[in-house]
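Worksheet: one structure, shown below.
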Number of protein chains: 2
Amino acid sequence: MKLTNKGRYAVMAMADLASNAKGGPISLTEISLRQNISLAYLEQIFLKLKNNKLVRSSRGANGGYVLEKPASEIKLSNIIYAVDEEVKTLNCKKNSKRGCNNKSTKCITHNLWDQLDQHIIGFFEKVKLQDLAKLG
Amino acid sequence: MKLTNKGRYAVMAMADLASNAKGGPISLTEISLRQNISLAYLEQIFLKLKNNKLVRSSRGANGGYVLEKPASEIKLSNIIYAVDEEVKTLNCKKNSKRGCNNKSTKCITHNLWDQLDQHIIGFFEKVKLQDLAKLG
DNA sequence: AAGAATTCCTACTATTTTAGTAGGGATTAA
DNA sequence: TTAATCCCTACTAAAATAGTAGGAATTCTT
């Protein structure tokens with residue numbers, strides 16, 4: 001799992017969407033102003049959120065986005081995965097030549113990172129979008 | 001806290017050092033061969049490990065490194081901090097213009113990342129170098 | 001004394017990732 | 001018909017990471 005600004009922006013924007021729900025859709029322009037994130041960047045992020053069925057869009061004037069599900073049913077892990085895609089903190093297989101190659105020189109720490117992954121994932125699985133109100 | 005290959009290499013090398021202890025110091029050449037990490041890169045890493053009092057060095061032929069403390073007393077957090085230096089998963093203050101600036105538009109998710117930090121740090125605080133034998 | 005093995009230290013470079021910009025097209029409400 | 005909005009792709013700039021290079025200092029062995 002990657003933890004980047006993009007993921008943070010996504011969570012911020014979703015939290016914004018959840019807290020400012022007013023019946024109709026909310027435009028990215030609004031979110032952009034409130035959260036101080038560039039509109040074009042938000043568009044990219046929401047494309048992915050939409051593809052991952054976390055938000056629903058309506059186009060045209062007065063268009064915007066609404067949450068696809070209640071905030072109580074959206075896990076933070078869903079959001080992070082949606083925009084950052086990768087699953088592992090550190091991918092041992094990527095650098096097959098150096099370091100851990102899962103073969104002869106077995107990566108001593110392989111299982112360790114697996115455990116850490118589970119730890120972080122567990123954290124994001126537990127927290128729901130709704131909980132952010134309490135935190136913020 | 002940053003989680004990079006460098007940190008992983010550091011943990012691997014320290015684990016190697018712990019498991020191959022033989023009384024005298026162990027050279028980076030050995031570790032380099034066993035763990036398949038470039039010697040020059042290891043040198044950089046061990047410089048930091050040494051500055052952080054995790055290993056002790058002896059120079060010259062037959063020189064090398066030994067653990068400064070028993071493996072049971074070295075926490076993984078010590079190792080990661082030593083080489084990767086930074087403490088926070090995502091630094092909100094860095095990008096002061098966009099996103100979270102801790103001011104007017106308060107970062108909704110600020111506390112969230114703090115919690116995550118504590119979570120990850122807690123994990124690395126719990127695990128000792130000695131424990132890696134069980135994991136690997 | 002010489003040579004080899006090693007740590008020590010700094011600077012550089014290439015690659016990858018992240019962050020963000022740009023521009024135009026499609027759709028819809030007023 | 002116009003303005004507001006989503007939709008989509010491509011590009012670029014900046015930062016971080018990973019790794020290389022080269023040489024100096026130290027110590028053991030012969």
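We name chains A, B, ... by the order of the sequence lines, and we start the count at 1 in each one.
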* To do: Go through the structure and list residues passing salt bridge (charged side-chain N to carboxylate O under 4.0 Å, His left out) with B:Lys6, not counting sequence neighbours.
  => none

* To do: Identify, with sequence neighbours excluded, every residue that meets salt bridge (charged side-chain N to carboxylate O under 4.0 Å, His left out) alongside A:Glu125.
  => A:Lys75

* What do the steps show when you test A:Ile26 against A:Arg34 for side chain to side chain contact (heavy atoms under 4.5 Å, CB included), and what is the final call? -> CA-CA 12 Å; A:Ile26 293 177; A:Arg34 270 197 296 263; 3.8 Å; yes

* Counting distance only, does the side-chain N/O of A:Ser27 pair as donor-acceptor with the main-chain N or O of A:Gly64 below 3.5 Å? -> no

* Structure fact -> The reported gap from CD1 in B:Ile74 to CG in B:Asp131 (rounded to nearest 0.5 angstrom) is 12.0 Å

* Spacing of OG belonging to A:Ser57 relative to CG belonging to A:Leu49, to within rounding of 0.5 Å -> 11.5 Å

* Non-hydrogen atoms of B:Leu39 and B:Thr29 that approach each other most closely -> CD1-N, 3.9 Å

* Asked: Taking all atoms of both residues into account, what is the closest heavy-atom pair of B:Ala15 and B:Leu132, and its distance?
  -> CB-CD1, 3.8 Å

* Asked: For B:Asn20, what residues pass the side chain to side chain donor-acceptor pair (under 3.5 Å) criterion, not counting sequence neighbours?
  -> B:Asp16

* To do: Between A:Leu28 and B:Ala61, name the one whose nearest nucleotide on DNA chain D is closer to the 5' end.
  => A:Leu28

* Hey, can you pull the residues of residues 62-71 of chain A with a non-hydrogen atom under 4.0 angstrom from DNA chain D? -> A:Gly63, A:Gly64, A:Tyr65

* Donor-acceptor pair under 3.5 Å: do we get one between B:Arg59's side chain and the base of C:dT7? -> yes

For atom [atom1] of [X] and atom [atom2] of [N], their distance in whole Å:
{"X": "A:Leu39", "N": "C:dT21", "atom1": "CG", "atom2": "C1'", "value": "12 Å"}
{"X": "B:Leu47", "N": "D:dG19", "atom1": "CG", "atom2": "P", "value": "18 Å"}
{"X": "B:Leu42", "N": "C:dC8", "atom1": "CG", "atom2": "P", "value": "13 Å"}
{"X": "A:Arg56", "N": "C:dT28", "atom1": "CZ", "atom2": "P", "value": "15 Å"}

With the criterion being N/O to N/O and under 3.5 Å, what pairs connect the protein with nucleotides 22-24 of chain C, and how long is each?
none

* Any chance NZ of A:Lys53 has more than 12 other-residue heavy atoms, nucleotides or ligands included, within less than 6.0 Å? -> no

* **Presence of salt bridge, B:Glu43 and B:Lys48, under 4.0 angstrom** => no

Which pairs, protein N/O on one side and nucleotides 12-15 of chain C N/O on the other, fall under 3.5 Å?
none

